Trainee: 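Questions regarding the structure given below will be posed in turn.
Just so you know, ligand 1 is whichever comes first in the structure, and atom 1 is the first atom listed for that ligand. Since the structure is predicted, the reported quantities are computational estimates derived from the model, not experimental observations.
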Amino acid sequence: MSASIERWVDEVARTTHPDQIVWCDGSDAEIERLNSEMVAGGTLIHLNGSKHPNSYLHRSDPQDVARTEQLTFICSERPEDAGPTNNWMSPREAQERVWPLFSGAMKGRTMYVVPYIMGPATALSSRVGVELTDSPYVVANMRTMTRMGQVALDRLERTGSDDWVPGIHSMGDLSPVRRFILHFPETRTIWSVGSGYGGNALLGKKCFALRIASVMGRDQGWMAEHMLILELSSPEGDVMYIAGAFPSACGKTNLAMLRSPLEHEGWRVRTVGEDIAWIHVGADGRLWAINPESGYFGVAPGTSSKTNPNAMASVRQDTIFTNVALTPEGDVWWEGIDTPPPSGLLDWQGRAWSPSLGTPAAHPNARFTSPATNNPALSAQWEDSEGVPLSAILFGGRRARTIPIVSQSFSWQHGVYMGASMASETTAAATGQVGVVRRDPMAMLPFCGYNMGDYFGHWLEMGANAAIPPAVFQVNWFRRDADGRFLWPGFGENLRVLRWVRDQVLGRNPAGARETPIGIVPTAQGLDVDGLNLSSVALNELLSVDRGDWASEADEQGSFLDQFGDHLPDELRREHRALLDRLGAVAASR
Ligand code: SAT
Ligand code: MN
């Protein structure tokens with residue numbers, strides 16, 4: 001066992017005063033013991049084993065149901081290194097203001113030592129973290145989401161490495177006024193207090209695998225991205241890997257687990273990852289990606305056997321549900337699941353519920369935590385130690401107008417511009433107003449651990465270091481008509497867009513694509529819409545690039561990027577000007 005970990009555990013215990021310290025080994029016996037303790041203590045409800053074997057329901061504190069971005073800070077020495085899009089707190093202020101919240105915080109509780117690996121146990125690009133937490137619910141989630149326990153200590157020992165990322169987590173008193181999620185990029189350390197929820201508390205996920213790892217990637221020449229990774233196979237036998245960056249609760253999990261409606265023809269989609277990708281330049285000049293996680297922390301509402309049959313199969317067993325509704329039979333229920341609400345339902349707070357109340361029974365950000373190995377469509381390559389080679393990167397978001405269903409960038413640089421300027425309507429995954437358009441570069445706005453201007457520079461550099469960078473696309477499944485209805489059916493039918501992407505990557509599509517000022521867009525014949533019952537008006541709308549909308553879009557992109565000042569790479573300024581020129585050219589030619 002690493003002596004440095006032991007020393008640190010002692011040191012933290014001297015401040016937090018837990019009643020006892022438990023080193024987690026990740027064994028079955030351990031999780032069974034933890035689960036029964038939580039059931040006995042009332043923080044976990046054992047679900048009906050005939051409906052969901054080995055599965056549980058957890059209810060969060062009602063004030064603690066989503067990530068709290070306003071309480072999330074980057075604690076670099078200099079504010080400039082956090083950049084204009086992050087909250088910044090100096091390490092000294094953190095010490096004075098936040099460290100005292102850990103003082104005695106674990107009195108009466110157990111402190112769990114949770115060693116974990118982000119990435120496959122044998123992959124060179126994997127990294128080790130250790131989370132100290134006083135929440136057994138967090139331990140149970142970390143066990144599904146990461147390779148947790150002895151396996152991580154073994155890896156340190158085997159590789160003779162003392163390189164691990166420390167994270168301290170305490171539930172504190174759960175009060176939002178004493179809640180802080182802090183990241184110290186210089187010392188690669190994480191402190192989290194006052195929340196037990198998802199990305200606030202499972203420190204391997206957003207805190208390490210994105211915020212701290214993005215800094216490590218900048219320093220070491222790789223990338224940590226908020227991306228799904230999927231495998232697309234065609235009837236012709238080619239296999240292609242596609243990564244996709246979408247903001248939280250915009251369908252990453254659904255796309256990564258897409259069940260192909262054309263499976264019988266040989267069009268297959270398999271999952272490598274559904275939330276995070278760590279990306280390296282391979283010896284062959286391509287970008288290779290691993291999924292650092294081993295489970296899925298997916299949004300439950302809206303998940304059904306129609307929208308995501310593979311997720312429904314994944315949550316059948318061995319699943320922790322958080323903030324869903326409970327049926328009298330001990331089954332779970334949420335809005336959008338396959339069945340109407342049964343009577344006698346208890347809502348996510350455990351209160352009697354009926355549709356007449358007009359409130360949702362499940363919290364809109366209710367989640368399931370399931371092991372990746374439950375996924376019937378898991379890629380055989382999902383934990384290859386080299387990762388998988390990326391042919392394409394998709395940038396997506398929710399946009400009611402303006403953004404066509406799919407467009408390809410003219411170059412890597414233009415692709416980086418597309419990612420840097422993308423926007424999406426906000427969702428319930430973070431507290432705050434839902435449905436307002438905000439710029440969310442590469443879907444990393446809440447997750448980049450350093451100045452995003454420098455981050456764009458890192459993207460440009462990664463492309464330059466890769467002889468064969470992936471093709472870059474922007475997608476939007478969420479465009480609406482004048483009456484506010486979605487124009488595109490989405491879900492399984494998104495395969496049609498993936499097929500167009502593949503054709504573009506293979507250079508097979510001369511008649512199916514046309515150049516527009518914003519990128520290469522399918523022609524009306526280019527996208528297969530056979531059998532979709534899509535009117536030509538709707539199809540044209542999905543493919544349209546409206547001059548007026550784009551004039552203001554380009555303006556907003558420009559002012560967003562301006563805030564990065566000197567940190568904004570010149571290449572992106574040039575891309576912005578080139579976009580304005582191309583839009584101007586269209587205006588002039590009409
Ligand atoms: O709460 S999490 O950050 O883990 C999920 C998400 O917002 O993507
Ligand atoms: Mn996410």
Side-chain angles (χ1 to χ4, degrees), residues 58 60-61 63-72 116 118 129 131 133 135 137-138 140-142 144-146 167 169 179 181 183 190 192 194-214 224-230 243-257 271-278 291-303 311 320-324 363-370 372 394-398 422 424-432 434 438 440-449:
H58 172 78
S60 311
D61 183 287
Q63 299 212 70
D64 186 30
V65 292
R67 281 182 295 100
T68 39
E69 294 176 4
Q70 72 283 10
L71 306 173
T72 302
Y116 61 93
M118 297 314 291
E131 174 166 358
T133 178
S135 161
Y137 165 79
V138 164
N141 276 273
M142 286 293 284
T144 298
M145 296 303 298
T146 72
H169 170 251
R179 180 178 302 160
I181 326 302
H183 308 74
I190 304 156
S192 168
S195 167
Y197 196 80
N200 289 339
L202 314 177
L203 300 187
K205 198 173 179 52
K206 310 297 187 183
C207 299
F208 179 1
L210 290 176
R211 298 197 189 95
I212 295 293
S214 61
E225 298 299 331
H226 191 204
M227 288 180 179
L228 66 92
I229 311 164
L230 65 80
F246 296 72
S248 301
C250 287
K252 269 202 309 302
T253 305
N254 291 339
L255 183 61
M257 301 177 91
T271 317
V272 177
E274 52 81 72
D275 195 39
I276 299 178
W278 283 359
N291 168 15
E293 301 188 288
S294 59
Y296 307 149
F297 187 65
V299 179
T303 305
I320 306 167
F321 295 93
T322 301
N323 298 337
V324 300
H363 188 276
N365 193 37
R367 297 274 172 162
F368 56 81
T369 313
S370 303
L394 314 181
F395 291 122
R398 287 177 187 268
M422 74 190 244
S424 189
E425 291 145 20
T426 50
T427 68
T431 53
V434 168
R438 75 165 181 183
D440 186 350
M442 283 82 172
M444 281 287 279
L445 183 75
F447 306 122
C448 184

Trainee: Examine distances only and state if a side-chain atom of T68 and a backbone atom of L71 form a donor-acceptor pair shorter than 3.5 Å.
Mentor: no
Trainee: Please name the atom of D275, limited to N, O or S, that comes nearest to the Mn ion (ligand 2).
Mentor: OD1
Trainee: Nearest 0.5 Å, what's the CG-CZ distance between L202 and F297?
Mentor: 6.0 Å
Trainee: Could you check whether any side-chain N or O of N200 sits under 3.5 Å from a backbone N or O of I181, counting only pairs where one atom can act as donor and the other as acceptor?
Mentor: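 Absent.
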Trainee: Can an N, O or S atom be found in K205 less than 2.8 Å away from the Mn ion (ligand 2)?
Mentor: no
Trainee: Can you see whether T322 engages Y137 through a side-chain donor-acceptor pair at a distance of less than 3.5 angstrom?
Mentor: yes
Trainee: How many angstroms lie between atom SG of C448 and atom NE2 of H226, to the nearest 0.5 angstrom?
Mentor: 13.0 Å
Trainee: For the CE atom of M145 and the OG1 atom of T369, what is their distance to the nearest 0.5 Å?
Mentor: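 Between atom CE of M145 and atom OG1 of T369 there are 6.5 Å.
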Trainee: How long is the gap from OG on S195 to CD on Q63, to the nearest 0.5 Å?
Mentor: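 The OG atom of S195 sits 11.0 Å away from the CD atom of Q63.
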Trainee: Put together the list of close N/O pairs, under 3.5 Å, between ligand 1 and the protein, could you?
Mentor:
residue  : atom  : partner : partner atom : Å
ligand 1 : 1 (O) : G199    : N            : 3.0
ligand 1 : 3 (O) : R67     : NE           : 2.8
ligand 1 : 4 (O) : G199    : N            : 3.1
ligand 1 : 7 (O) : R67     : NE           : 2.9
ligand 1 : 7 (O) : R67     : NH2          : 3.0
ligand 1 : 7 (O) : S248    : OG           : 3.0
ligand 1 : 8 (O) : K206    : NZ           : 3.0
ligand 1 : 8 (O) : S248    : OG           : 2.8

